[in-house]
Novice: 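Have a look at this one before I ask anything.
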Number of protein chains: 2
Amino acid sequence: MGRKRTKSGKIRLAEVAELAGVSPITASRFFRNPEALSVAKRTRVESAAKELGYVPNLAARALASQRTEVIGVLIPSLTNNVFSDVLRGIYDAYEGSRYSIQLSNTRYSILQEERLLRLFLAQKPAGLIVTGIDQTTESRAMLEAADCPIVQIMEIGPNPVDMMIGFSHYDAARAAIAHLFAQGHRRIGFVGARMDPRVQRRLDGYVSAMKDASLFEQRLVVTTATPTSVTLGGALFTDLLAREPGIDAVFCANDDLALGVLFECRRREIAIPEQIAIVGFNDLEFMASAVPTLTSVRTNRYEMGKTAATMLIEAIDGRRPEQPVLDLGFKVIERQSSSSRHQDSRPAASGGSAQNKMVALPSGHD
Amino acid sequence: MGRKRTKSGKIRLAEVAELAGVSPITASRFFRNPEALSVAKRTRVESAAKELGYVPNLAARALASQRTEVIGVLIPSLTNNVFSDVLRGIYDAYEGSRYSIQLSNTRYSILQEERLLRLFLAQKPAGLIVTGIDQTTESRAMLEAADCPIVQIMEIGPNPVDMMIGFSHYDAARAAIAHLFAQGHRRIGFVGARMDPRVQRRLDGYVSAMKDASLFEQRLVVTTATPTSVTLGGALFTDLLAREPGIDAVFCANDDLALGVLFECRRREIAIPEQIAIVGFNDLEFMASAVPTLTSVRTNRYEMGKTAATMLIEAIDGRRPEQPVLDLGFKVIERQSSSSRHQDSRPAASGGSAQNKMVALPSGHD
DNA sequence: GTCTGTGCTGGTAGCGCTGTCAACGATCCT
DNA sequence: AGGATCGTTGACAGCGCTACCAGCACAGAC
């Protein structure tokens with residue numbers, strides 16, 4: 001269909017402008033701010049672009065305009081289910097927007113994060129999503145000096161760089177322990193892996209709740225820096241039992257560990273919840289399906305990603321949210337594994353300063 | 001430390017060149033082809049760049065050189081464990097290379113894939129990784145016309161666009177059924193969700209194996225287009241039982257479904273493997289940890305991602321692999337859920353035209 | 001002494017787009 | 001009527017980098 005081409009075979013804005021009978025700059029404006037054109041020229045440029053199959057050269061645009069339409073996303077892990085839910089939310093929110101996402105994996109290293117941050121900021125991103133609140137001082141300084149909106153996700157804390165969305169892992173852990181107390185449990189163990197800052201804060205919440213009840217003992221806590229897995233859950237639980245055979249409940253820092261504990265109990269023929277109660281964290285999809293069904297602390301990961309991305313776009317477009325720090329809360333979902341009445345899923349304690357509306361979480365996998 | 005800055009506050013290549021006492025073009029060469037410089041200038045430029053904290057402007061580089069250092073990656077899902085393992089491999093391989101990854105999610109839609117492909121190709125990526133072999137004709141044409149290396153991942157098929165890495169889902173399913181036959185099972189059900197092309201080929205493998213043994217019946221097959229989940233595994237298995245109470249084994253198209261079947265059997269007090277055997281697909285980490293441990297078909301997902309990325313970089317740098325199509329094979333990992341001897345994990349049948357070396361799979365989550 | 005080849009370096013000219021500013025006609029106000 | 005304002009359009013310059021080609025010094029060949 002008679003395409004006009006340059007030597008490189010690419011259709012440039014100039015070709016579109018020529019076909020539409022306007023100047024290149026007018027054609028350019030069509031893509032950035034169509035309202036500024038008269039209706040006649042707008043339709044002319046539009047059809048010319050479509051006819052030629054014009055696709056803008058992002059590099060040229062970025063160079064000329066001194067800004068990119070790239071959102072940088074820094075997360076500590078690609079495989080952790082928790083982050084894949086968040087990511088899905090982020091990608092869903094950007095769907096159809098003009099921004100593209102540049103994802104990088106810090107591998108739970110704040111030094112790595114600092115390096116990536118330097119790299120990102122040099123490309124003048126339109127916005128940035130970073131995980132957590134534990135940056136290096138250097139990273140923190142770079143973030144504060146950055147001239148783009150920034151959202152910190154996964155947890156909330158006292159000094160937001162800019163915007164922040166998450167929940168209190170400390171409070172969530174305390175709520176889980178409070179639930180176990182309410183079910184009559186006293187010797188509650190803690191099982192944790194990876195021990196990133198957020199898991200550490202869950203541990204802190206556990207410790208404080210136990211201390212408040214004068215029930216804390218160091219030997220009730222089993223943790224490792226090893227990446228989490230179901231198998232590891234079984235192994236850590238085995239350690240815990242060896243140290244303290246008299247436990248009557250286990251609070252697991254995440255659901256994979258909880259599933260591992262469940263299987264280990266099956267192996268040892270320990271009755272759940274009669275002999276030992278189990279509470280997980282995150283409420284992954286399988287928790288409701290296990291036998292017995294497993295109590296967990298539900299966190300709004302998909303919503304967190306989606307809202308973070310939406311807030312960021314709004315802020316980039318100049319509409320800063322009235323509320324820069326958003327607490328998405330959590331909810332203890334009581335199931336058979338911790339129910340003294342051995343009945344099925346019933347909401348229990350919940351937290352978060354927000355209204356804590358529970359959105360339907362999309363199923364864990366697709 | 002007396003930094004020289006332009007009005008934008010950025011350090012440009014020109015500043016580096018000036019400090020090093022060379023021309024800008026020489027400084028430029030340092031970053032692309034350091035060997036072309038004399039040792040004296042090389043060290044001068046290097047220290048100047050470091051002193052000024054120079055970070056190249058990628059947009060300018062892309063515009064001037066007419067190529068980007070971006071690798072496009074098209075996958076159908078962000079949350080499916082399978083793809084997160086592949087992604088981790090890809091990201092690991094790019095670690096430290098000068099390429100960056102642009103990830104897009106096709107959501108299992110080949111139309112969406114076509115749209116994204118058009119977008120990607122317009123930016124002249126350095127290379128492309130696409131999932132599977134079922135592109136639209138238009139996509140296929142674009143891929144073939146693209147002037148960059150391309151790797152198709154997840155499965156292997158007859159007409160590679162360029163390079164290809166994966167394994168035969170058809171053969172893998174046949175091997176799983178052969179294993180069940182060997183254990184004495186005859187009435188084997190199939191449970192599948194999502195039914196993307198690869199799951200479809202697993203179903204085809206199941207059907208052909210069953211037909212070969214004259215054991216195929218349509219009512220043994222229960223599938224849905226719904227995204228997979230553990231809960232769904234239980235539900236589909238319930239359907240299967242209702243249709244055909246006499247089954248003695250279930251082949252699940254993935255491990256989540258298998259876990260759901262396991263839990264459903266627990267709920268119904270069906271003994272595994274005595275009454276019904278279970279075989280999953282992918283060998284996710286938890287399969288070895290379940291009670292009973294679950295048989296699965298191991299696939300080398302992490303290695304697939306890593307190798308795909310490595311091959312792509314090699315090809316970009318002009319070193320095309322001697323073997324453009326790589327079959328990574330699979331391996332039926334026999335565990336308690338399908339063992340008539342009720343013993344623990346023992347390798348059984350394996351496939352793939354490659355030497356089928358089993359690399360240690362990194363644990364499923366981190 | 002000239003010629004050719006090699007290794008290194010620099011000048012020039014863009015890559016495709018957008019920021020800025022100026023110009024134009026049409027409309028509105030005094 | 002004159003001036004101000006608005007909406008719309010275009011000319012020009014330049015973003016930071018690299019492709020291309022030319023030039024230089026030096027070594028070896030004739």
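Side chains are part of it too, since the values below use all heavy atoms of this structure and drop only hydrogens, waters and symmetry mates. Chain identifiers are assigned alphabetically (A, B, ...) following the order of the sequence lines, protein sequences preceding nucleic acid strands; residue numbering begins at 1 within each chain.
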Novice: Which whole-number value in Å describes the distance from A:Leu58 CG to C:dC17 C1'?
Specialist: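 Distance check: A:Leu58 CG to C:dC17 C1' gives 11 Å.
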Novice: Nearest heavy atom decides the nucleotide; on that basis, is A:Phe31 or B:Val39 closer to the 5' end of DNA chain C?
Specialist: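 Closer to the 5' end of DNA chain C: B:Val39.
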Novice: Nearest-Å distance, CD1 (B:Ile11) to C1' (D:dC17)?
Specialist: 16 Å
Novice: Specify the separation, in whole Å, of atom CG of A:Asn33 and atom P of C:dC17.
Specialist: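 The answer, rounded to whole Å, is 18 Å.
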Novice: Using five base pairs at each end, measure the axis-to-axis angle across the helix from C:dG1-D:dC30 to C:dT30-D:dA1 and round it to 10 degrees.
Specialist: 40°
Novice: Could you check how far CG of B:Asn57 sits from C1' of D:dG16, rounded to whole Å?
Specialist: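 Those two atoms, CG and C1', are 6 Å apart.
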Novice: Where the side chain of A:Lys41 is concerned, which of C:dC15, C:dC17, D:dT9 is the nearest nucleotide?
Specialist: D:dT9
Novice: Show me the pairs that pass salt bridge (charged side-chain N to carboxylate O under 4.0 Å, His left out) and involve residues 19-31 of chain A, at least two apart or across chains.
Specialist: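 Qualifying pairs: none.
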Novice: What is the distance, to the nearest angstrom, from the CD atom on B:Glu15 to the C1' atom on D:dC15?
Specialist: 13 Å
Novice: Any ring pair (Phe, Tyr, Trp, His ring centres under 6.0 Å) involving residues 10-55 of chain A? Give me the pairs, sequence neighbours left out, ordered by first then second residue.
Specialist: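 Ring pair (Phe, Tyr, Trp, His ring centres under 6.0 Å) check on residues 10-55 of chain A returns A:Phe31-A:Tyr54.
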Novice: Summarise protein proximity over nucleotides 19-25 of chain D in one line of letters, 5' to 3': B for base, S for sugar-phosphate only, - for none, counting protein heavy atoms closer than 4.0 Å.
Specialist: B------
Novice: For B:Thr26 and C:dG10, is the shortest distance between a side-chain N/O and OP1 or OP2 below 4.0 Å?
Specialist: yes
Novice: Quick one: which residue pairs count as a salt bridge (charged side-chain N to carboxylate O under 4.0 Å, His left out) with a foot in residues 132-155 of chain B, not counting sequence neighbours?
Specialist: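 Every pair satisfying salt bridge (charged side-chain N to carboxylate O under 4.0 Å, His left out) with a residue in residues 132-155 of chain B: B:Arg118-B:Glu138, B:Asp134-B:Arg201, B:Arg140-B:Glu144, B:Glu155-B:Arg198, B:Glu155-B:Arg201.
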Novice: Within a strict 4.5 Å, meaning less than it, do heavy atoms of the B:Val151 and B:Leu128 side chains meet?
Specialist: no
Novice: Find the distance A:Leu63:CG to D:dG14:P and express it as a whole number of Å.
Specialist: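 About 14 Å, once rounded to whole Å.
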Novice: Answer with base, sugar-phosphate or nothing: what part of the nucleic acid does A:Tyr54 contact at a heavy-atom distance below 4.0 Å?
Specialist: sugar-phosphate
Novice: Compare all side-chain heavy atoms of A:Thr131 with those of A:Thr106 and state whether any distance is below 4.5 angstrom.
Specialist: no
Novice: Taking atom CZ of B:Arg107 as the centre, report whether more than 12 heavy atoms of other residues, nucleotides or ligands fall under 6.0 Å from it.
Specialist: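 More than 12 within 6.0 Å, yes.
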Novice: Assess, by modelled atom type and distance only, whether the side chains of A:Ser84 and A:Arg88 contain a donor and an acceptor separated by less than 3.5 Å.
Specialist: no
Novice: Do the side chains of A:Ile90 and A:Lys306 get nearer than 4.5 Å, heavy atoms only?
Specialist: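 No, side chains not in contact.
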Novice: Please give, in whole Å, the distance from C:dG19 P to A:Lys124 NZ?
Specialist: 13 Å
Novice: How long is the line joining CZ of A:Phe30 and P of C:dT18, in whole Å?
Specialist: 13 Å
Novice: Any side-chain N or O of A:Ser23 less than 4.0 Å from the OP1 or OP2 oxygen of D:dA11?
Specialist: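 For D:dA11, neither OP1 nor OP2 has a side-chain N or O of A:Ser23 closer than 4.0 Å.
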Novice: In terms of the nearest nucleotide of DNA chain C, which residue is placed more toward the 5' end: B:Gly21 or B:Ala60?
Specialist: B:Gly21
Novice: OP1 or OP2 of D:dG7 sitting under 4.0 Å from any side-chain N/O of A:Ser38?
Specialist: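 No, A:Ser38 has no side-chain N/O under 4.0 Å of OP1/OP2 on D:dG7.
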Novice: Check whether any side-chain nitrogen or oxygen of B:Gln66 sits under 4.0 Å from OP1 or OP2 of D:dC17, and answer yes or no.
Specialist: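 So the side chain of B:Gln66 is outside the cut-off, no N or O lying under 4.0 Å from OP1 or OP2 of D:dC17.
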Novice: State which residues pass ring-ring contact (aromatic ring centres under 6.0 Å, His included) with B:Tyr91; sequence neighbours excluded, sorted by chain then number.
Specialist: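 Expected list: none.
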Novice: Between B:Gln123 and B:Thr68, do the side chains contain a donor N or O and an acceptor N or O under 3.5 Å apart?
Specialist: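 No, no side-chain donor-acceptor pair sits under 3.5 Å.
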Novice: With respect to the phosphate group of D:dT18, does any side-chain polar atom (N or O) of B:Ser28 fall under 4.0 Å of OP1 or OP2?
Specialist: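 Yes.
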